[in-house]
Amino acid sequence: MLFQSDEGKEPLTVEIHTEVDIVEARQKGRMFSNCLGFSTLDQARIITTISELSRNIYKYATTGKIIMEIIENQLEIGLKIIAIDKGPGIKNIQQALESGYTTSGGLGVGLSGVKKSMDEFTISSQEDHGVNIEVIKWKKRNK
């Protein structure tokens, strides 16, 4: 398989410092989701999620990383995406997750859209210490 080492599945990390890094993270997400056999619609959801999370890192924290990892259980295989930054953090997570909320004059679909399009969503933030977001998209195993 494309993303395995001799020890097994290795997470893939993309450091986010520039807009070019956002493109690289999206491309890696496309490869992961395609190799795992996600539908075209779910691939679009995964790529959009990676784009939103990496763009937020670039825009609000300046630097951080996106980690992608294949996970599995007996019934499903999934892609876990972790976004980590050491930026200013999010003061009000509940407000940031509201549909339509924006701090940049955008459409306000960023984090709320990520939460809606993924199967699992976890966020933690500490003011002046950054944000950690973990999302998972699952796919039923082929029988």
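From a predicted model like this one, the values you see are computed outputs, not experimental measurements.
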Given 3.5 Å as the limit, does a donor-acceptor pair link the side chain of [X] with the main chain of [Y], or not?
X: T62; Y: Y58; answer: no
X: D85; Y: A61; answer: no
X: N132; Y: S124; answer: no
X: T49; Y: S117; answer: no
X: T48; Y: R45; answer: no

Under a 4.5 Å cut-off applied to non-hydrogen side-chain atoms, are [X] and [Y] in contact?
X: V20; Y: E24; result: no
X: L53; Y: I133; result: yes
X: Y60; Y: V131; result: no
X: L97; Y: F121; result: yes
X: T63; Y: I16; result: no
X: E10; Y: E69; result: no
X: K91; Y: E127; result: yes
X: M68; Y: K28; result: yes

Side-chain ion pair, D42 and K139, N-O less than 4.0 Å: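 No salt bridge links D42 with K139.
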Note: R141-E72 ion pair, threshold 4.0 Å (strictly below):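 Salt bridge flag = yes for E72 with R141.
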Full working for side-chain contact (heavy atoms from CB on, under 4.5 Å) between I71 and I77: CA-CA 6 Å; I71 57 173; I77 190 162; over 6 Å; no
Whichever hydrophobic residues join I67 through chains of side-chain contacts under 4.5 Å: I82, I84
Test side-chain contact (heavy atoms from CB on, under 4.5 Å) applied to E19 and R55, step by step: CA-CA 8 Å; E19 288 184 338; R55 187 159 300 287; 4.1 Å; yes
Enter the distance from [X]:[atom1] to [Y]:[atom2] here, rounded to the nearest 0.5 Å.
X: E76; Y: K137; atom1: CD; atom2: NZ; answer: 10.5 Å
X: K80; Y: D119; atom1: NZ; atom2: CG; answer: 14.0 Å
X: W138; Y: N73; atom1: CH2; atom2: CG; answer: 4.5 Å
X: R26; Y: I47; atom1: CZ; atom2: CD1; answer: 6.5 Å
X: E52; Y: I22; atom1: CD; atom2: CD1; answer: 10.0 Å

Would [X] end up clustered with [Y] when hydrophobic side chains under 4.5 Å apart are linked, directly or stepwise?
X: I93; Y: V135; result: yes
X: M118; Y: F38; result: yes
X: I57; Y: I123; result: yes

Atom of [X], atom of [Y] and distance for their closest heavy-atom approach:
X: S33; Y: I46; result: CB-CD1, 3.7 Å
X: I66; Y: A83; result: CD1-CB, 3.7 Å
X: I90; Y: S125; result: N-OG, 2.7 Å

